[in-house]
Amino acid sequence: MHEFKYKNNQLYCEDIKIQDLAERFGTPLYIYSYHTLIDHFIKLQKAFCEIKPLICYSVKANPNLALLKALVDKGAGLDIVSGGELFRALKVGCPTNKIVYASVGKTDQEIEEAIRCGILFFNVESRPELENINRIANRLNKTTNVAIRINPDVEPKTHKYITTGKLTNKFGIDFESARQILLLRKALSNVHILGLHIHIGSQITESQPYIAAITKMVDFIGHCYKDGICIEYLNIGGGLGIIYDKETPQTADTFAKKILPMLKKTKLKIIMEPGRFIVGNAGILIAKVLYIKSTPKKKFIIIDAGMNDLIRPALYDAYHNILPLRCTSYELRCTEKVDVVGPICESADFFAKNRKLPYFKEGDYLAIMGAGAYGSSMASNYNSRCQPCEVMVKKNKAFLIRKRENYKDLVRKEIIAVQIS
Ligand code: PLP
């Protein structure tokens, strides 16, 4: 599943001892395994090889340029949600005909930039947005491709903050409104509606919600044909879940087995937008134990990483496995119930609560697993903390792919206007 394994009781990333990386680069430190990243992409590609989908890695999961470049070099397209992500996609040389652009709030500037560079299509999330894209394309004297993002109103059985395909969510367009838009498509002379898109949520561990959503889409596409509307692409979004704890998510193969027959029947070109599935278990966060604090009720392991570095536990109550870098029979035998917390002034600043973990002492390092997706991409400078550096390991080589921030970086964009005082 991933290339973070114990060898001789020491945790390794591929062929490098993680302790050495922690000492060399300092902590907190994000470490990515190149081979795990690429392996996940290839697993998906192979599982769906019969229909040769365009796999557009979802940049928001982890937008580091080195990761994007590694995936683009293997043939991935990119799923973007902002002008900034488009900038990154272009910077790593992603072919523009492999870029798809979702988001409920694209600005005029972002739309113009994407039209000018000729992306494959916009995933349009509302009628006003479609009309705006048409207006901007007209002003630029261009025609641009779009897919309508449908909100299929299905329950993805995941956390409510990452549920996106229910009608109470802000995303996509309901079937009836989408049909009205498609019927009026000729009035919009500068957009070419050539696809339909869904993205029903994230960390979805069962295939049933996809089956429910795709069934509805197949039915809708049938009605479209009857109305004389021709669809070329079906984008089934991302959302594939991974193992953080005791989940048993579908593998690429079992997922393909369930939905391939339906996709093949559509005879459409298929697009997928996985993020977490590709990068989630390809990255970990290493932190150092600063203090052990015992109170009458608890024992706290205070580490040098905080919720600003990895917000998932605070935001979603997410579980991340925590491992020692050294795992001898002593570590396996001696466990105690602790809270692992960061230095930030919030009680939500935790990585584990009442968790049975090996004994850690001050100065030890620990690994927070499954931190590759929505980890560094959601990091902030809260409490004026410098964001960690990031390292990519390929076999026995480690490459710095993001420098650690320093204090100057923290204030670089701020201005003390003398007139104020
Ligand atoms: N596509 C869209 C439109 C999204 O909003 C997201 C995530 O929010 C993704 C793809 C990627 O989701 P995941 O990382 O769960 O695969």
Side-chain angles (χ1 to χ4, degrees), residues 37 40-41 43-44 47-48 53-64 67-68 71 76-82 85-86 89 98-106 110 114 119-126 129 146-152 154 156-166 169-173 195-207 209-210 213 217 233-244 247 249-252 255 259 270-283 311-312 315-316 318 370-378:
L37 179 81
H40 290 158
F41 173 71
K43 274 200 174 111
L44 212 48
F48 284 88
L54 173 60
I55 302 178
C56 293
Y57 166 71
S58 195
V59 174
K60 66 179 81 62
N62 191 319
N64 185 289
L67 293 171
L68 300 186
L71 290 164
L78 296 174
D79 154 48
I80 60 166
V81 286
S82 68
E85 289 192 351
L86 176 60
K98 287 184 171 181
I99 299 174
V100 291
Y101 186 173
S103 161
V104 293
K106 304 171 186 87
E110 288 173 320
I119 61 167
L120 179 57
F121 51 70
F122 291 95
N123 290 321
V124 169
E125 309 238 14
S126 66
E129 181 200 326
V146 302
I148 303 293
R149 177 169 178 175
I150 303 284
N151 184 321
V154 295
K157 300 182 190 160
T158 186
H159 191 282
K160 62 179 178 190
Y161 290 173
I162 44 177
T163 292
T164 53
K166 298 210 62 176
N169 303 131
K170 66 181 173 182
F171 303 98
I173 301 172
L196 297 174
H197 171 233
I198 47 170
H199 172 73
I200 57 175
S202 195
Q203 184 53 13
I204 302 169
T205 53
E206 298 171 23
S207 48
Y210 286 98
M217 293 302 284
Y233 286 93
L234 174 61
N235 181 340
I236 62 166
L240 282 174
I242 62 168
I243 301 173
Y244 285 106
E247 300 90 345
Q250 65 265 41
T251 62
F255 181 54
I259 67 163
I270 302 296
I271 295 180
M272 305 170 93
E273 301 172 336
R276 190 188 308 270
F277 181 86
I278 289 178
V279 74
N281 280 326
I311 203 174
R312 296 190 69 257
L315 190 60
Y316 310 124
Y374 308 104
S376 71
S377 62
M378 289 176 124

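Both ligands and their constituent atoms are indexed starting at 1 by order of listing. These numbers come from the heavy atoms of this one structure, side chains and all, not from hydrogens, waters or symmetry mates.
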Run the numbers for me: atoms of ligand 1, each under 4.0 Å from some heavy atom of [X], listed by number.
X: P274; answer: 16 (O)
X: G239; answer: 12 (O), 13 (P), 15 (O), 16 (O)
X: G275; answer: 13 (P), 14 (O), 16 (O)
X: Y374; answer: 7 (C), 11 (C), 12 (O), 13 (P), 14 (O)
X: D79; answer: 1 (N), 2 (C), 10 (C)
X: E273; answer: 1 (N), 2 (C), 3 (C), 9 (C), 10 (C), 11 (C), 16 (O)
X: S202; answer: 13 (P), 14 (O), 15 (O)
X: R149; answer: 3 (C)

Checklist entry - Nearest protein heavy atom to atom 11 (C) of ligand 1, by residue and atom, and its distance? => result S58 OG, 3.3 Å
Next on the checklist: I'd like the name of whichever of R276, H199, E125, H197 reaches closest to atom 7 (C) of ligand 1 through any heavy atom.
Outcome noted: H199
Next on the checklist: As a quick check of understanding, evaluate ring pair (Phe, Tyr, Trp, His ring centres under 6.0 Å) for F121 and Y233, giving each step before the final call.
Outcome noted: CA-CA 10 Å; F121 51 70; Y233 286 93; 5.4 Å; yes
Item to check | Flag, side chain of N151 to backbone of F171, donor-acceptor distance under 3.5 Å | outcome: yes
Checklist outcome for this item: For E129 and V124, the nearest pair of non-hydrogen atoms, with its separation, is OE2-CA, 3.6 Å
Next on the checklist: According to ring pair (Phe, Tyr, Trp, His ring centres under 6.0 Å), who are the partners of H199, at least two apart in sequence or on a separate chain?
Outcome noted: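 Expected list: none.
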Checklist entry - E206: what forms a side-chain contact (heavy atoms from CB on, under 4.5 Å) with it, not counting sequence neighbours? => result K157, Q208, P209
Next on the checklist: In terms of relative ring orientation, are F277 and H40 parallel, tilted or perpendicular, with 30° and 60° separating the classes?
Outcome noted: tilted
